[in-house]
J.: 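Below is the structure I would like to discuss, written out as structure tokens.
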Number of protein chains: 2
Amino acid sequence: MTPNAIDRLVTLLSKLPGVGKKSASRMAYHILDGSSAYAHALADELAALHQLIRRCGICGAFTETDPCPICADTGRDHSLICVVERAQDLRIIEESHEFNGVFHVLGGLIAPLEGVGPGNLAIGKLAARVREHQVREIILALNPTVEGDTTALYLQKTLKEFPVEVSRLASGLPVGGDLEYTDRLTLSRSFRGRVKV
Amino acid sequence: MTPNAIDRLVTLLSKLPGVGKKSASRMAYHILDGSSAYAHALADELAALHQLIRRCGICGAFTETDPCPICADTGRDHSLICVVERAQDLRIIEESHEFNGVFHVLGGLIAPLEGVGPGNLAIGKLAARVREHQVREIILALNPTVEGDTTALYLQKTLKEFPVEVSRLASGLPVGGDLEYTDRLTLSRSFRGRVKV
């Protein structure tokens, strides 16, 4: 007995990540209870999204201009490339203000069980960037997971033929974490990666 | 350095209930990674929502037709009115298939601290329905909270002048719940409302 328009909206909203049927329903009624201006603003942004946003031809980041503002910025260190899995990983790294180089988006990680091989990722493009430009160091900012490790290993081998240093983000105890609640693998990595104080 | 179109979408999405900046960002990138067809479908539903959905002139439910399908259904018991706080409460009651009467949406609960008095709710309209039609019983399906209790008490007094029975949904231990984790108030209510077996 729910109106069809609400049902259709709930069905669409529940396809968003982390949104179940109940949250989708809450959202739909919230939008309905609210102003139609908000609903229209959201509708306009969604309708224009894929038209406004494209992939940067150099690094693969989401951008409104091609090349993206980071690749076009001459103030950044273009000899230092940070490799990330997905375009959205750029945001968190940019927000940390730790990095002043440029990026390269792989578009995934090597995962044979899911049918993702090196050929599905922007690895050839990364090799081309290293070959054609003066790249000093490549920092792999990949998740410390099996897929991340596999991909890091593959990239390390692939890039061996170039005079470029390949490093990976340190893995270990998170700041503010508790030894008691740390899993064995993380603990083992933090032992192996221990630093002199 | 995030493209503006994504930032704007994230800002709008983070206004949804239960959605913080991080989830909003995840959703935005999910939509961006997905097909533009999905984004357009969602945009279309949002843009049309407030135009398609109105309030039922009788009960106040969200509906595409006025009166709503429930109020227009002659197969339902129109002498039995279930009073709910919000239009979205209808869905859960309808899904339980426990109730074959009609509804009345109050549009809130009496909450003096938030400036919501009886005059802000559809109480006069409820009294008018009782006055003008043969209403046998009114079931108050209001949350067992301070505001729900206050509103129930107020409605009970207001409806005293009419020859109508006023009842309220039972409050007590939830099915599948555990005595050990039940709060004192719920336990006290379930004692007072105990039923013979």
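So you know, we letter chains A, B, ... as the sequences are listed, proteins then strands, and number each from 1. No experiment lies behind these values; they were computed from the predicted model shown. Values reported hereafter were calculated over all heavy atoms of this structure, with side chains retained and with hydrogens, waters and symmetry mates removed.
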J.: Honestly curious: do B/L121 and B/I139 fall in one hydrophobic cluster under the side-chain, below-4.5 Å linking rule?
T.: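 B/L121 and B/I139: one cluster.
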J.: So for B/S36, is it side chain, backbone, both, or neither that comes closer than 4.5 Å to the heavy atoms of chain A?
T.: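 Interface part for B/S36: both.
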J.: According to the side chain to side chain donor-acceptor pair (under 3.5 Å) rule, which pairs have a member within residues 116-135 of chain B, sequence neighbours left out?
T.: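 For residues 116-135 of chain B, and leaving out neighbouring residues, the side chain to side chain donor-acceptor pair (under 3.5 Å) pairs sorted by first residue read B/H104-B/R129.
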J.: Would you check if B/L13 and A/M27 make a side-chain contact, meaning some heavy-atom pair closer than 4.5 Å?
T.: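 Answer no - side chains too far apart.
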J.: Which value, rounded to the nearest 0.5 Å, describes the distance between A/I6 atom CD1 and B/E64 atom CD?
T.: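 Separation between the atoms: 8.0 Å.
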J.: Need one label for A/T65: side chain, backbone, both or neither, based on atoms under 4.5 Å from any heavy atom in chain B.
T.: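 It is neither, since no heavy atom gets under 4.5 Å.
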J.: Taking atom CD1 of A/I92 as the centre, does the number of heavy atoms from other residues, nucleotides or ligands within less than 6.0 Å exceed 12?
T.: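 At most 12 heavy atoms, drawn from other residues, nucleotides or ligands, come within 6.0 Å of this atom.
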J.: Going by heavy atoms in the side chains, are B/K15 and A/I31 under 4.5 Å from each other?
T.: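 Heavy-atom side-chain distance check fails, nothing below 4.5 Å.
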J.: Sort B/R55 into side chain, backbone, both or neither according to what part of it lies under 4.5 angstrom from a heavy atom of chain A.
T.: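 Side chain of B/R55 only, per the 4.5 Å heavy-atom cut-off to chain A.
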J.: Give, for atom CZ of A/R91 and atom CG of B/D7, the distance between the pair rounded to the nearest 0.5 Å.
T.: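 Going from CZ on A/R91 over to CG on B/D7, the span is 5.5 Å.
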J.: Does the B/H50 side chain pair with the main chain of A/G34, one donor and one acceptor, at a distance under 3.5 Å?
T.: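 Judged by distance alone, yes, a pair lies under 3.5 Å.
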J.: Among B/P17, B/A5, B/S35, which has the most heavy-atom pairs under 4.5 Å with chain A?
T.: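 Result: the option with the highest number of such pairs is B/P17.
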J.: Is it the side chain or the backbone of A/R26 that comes within 4.5 Å of chain B heavy atoms, both, or neither?
T.: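 Both the backbone and the side chain of A/R26 come within 4.5 Å of chain B.
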J.: Counting N and O atoms only, with roles assigned by atom type, does the side chain of A/Y38 sit under 3.5 Å from a partner on the main chain of B/L12, one being a donor and the other an acceptor?
T.: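 Judged by distance alone, yes, a pair lies under 3.5 Å.
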J.: Check whether A/L32 gets within reach of chain B through its side chain, its backbone, both or neither, counting any heavy atom under 4.5 Å.
T.: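 Both backbone and side chain of A/L32 come within 4.5 Å of chain B.
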J.: Rounded to the nearest 0.5 Å, how far apart are OG of A/S25 and CD of B/Q88?
T.: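 Going from OG on A/S25 over to CD on B/Q88, the span is 7.5 Å.
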J.: With a cut-off of 6.0 Å (strictly less than), are more than 12 heavy atoms of other residues, nucleotides or ligands near CD of A/Q51?
T.: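 No, CD of A/Q51 has 12 or fewer neighbouring heavy atoms, counting only those of other groups under 6.0 Å.
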J.: Within a radius of less than 6.0 Å around CG of A/L153, do more than 12 heavy atoms belonging to other residues, nucleotides or ligands occur?
T.: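 Counting other residues, nucleotides and ligands, CG of A/L153 exceeds 12 neighbours.
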J.: Determine, using the 4.5 Å side-chain heavy-atom cutoff (strictly less than), whether A/I138 and A/I58 are members of one ILVMFWY cluster.
T.: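 As far as the 4.5 Å side-chain criterion goes, A/I58 and A/I138 are not connected within one cluster.
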J.: Which bit of A/L16 is near chain B, if near means a heavy-atom gap under 4.5 Å: side chain, backbone, both or neither?
T.: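 For A/L16, backbone and side chain are both near chain B.
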J.: If I take atom CG from residue A/L9 and atom CG from residue B/D44, how far apart are they, to the nearest 0.5 angstrom?
T.: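 Answer rounded to 0.5 Å: 11.5 Å.
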J.: Which region of B/L52, side chain (C-beta onward) or backbone (N, CA, C, O), has a non-hydrogen atom less than 4.5 Å from a non-hydrogen atom of chain A, or is it both or neither?
T.: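 For B/L52, side-chain heavy atoms alone lie under 4.5 Å from chain A.
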J.: Could you check if a side-chain atom of B/D33 sits within less than 4.5 angstrom of a side-chain atom of A/F62, using non-hydrogen atoms only?
T.: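 Counting from C-beta outward, B/D33 and A/F62 do come under 4.5 Å.
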J.: Are A/L169 and A/V135 joined in one hydrophobic group, where the rule is that I, L, V, M, F, W and Y side chains link up if heavy atoms are under 4.5 Å apart?
T.: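 Yes; A/V135 is reachable from A/L169 via cluster members.
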J.: In terms of hydrophobic clustering (I, L, V, M, F, W, Y; side-chain heavy atoms under 4.5 Å; direct or indirect links), are B/V116 and B/V146 co-clustered?
T.: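 Cluster IDs for B/V116 and B/V146 differ.
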J.: With rounding to the nearest 0.5 angstrom, report the NE2 to CG distance, B/H40 to A/L49.
T.: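 Atom-to-atom, B/H40:NE2 and A/L49:CG are 9.0 Å apart.
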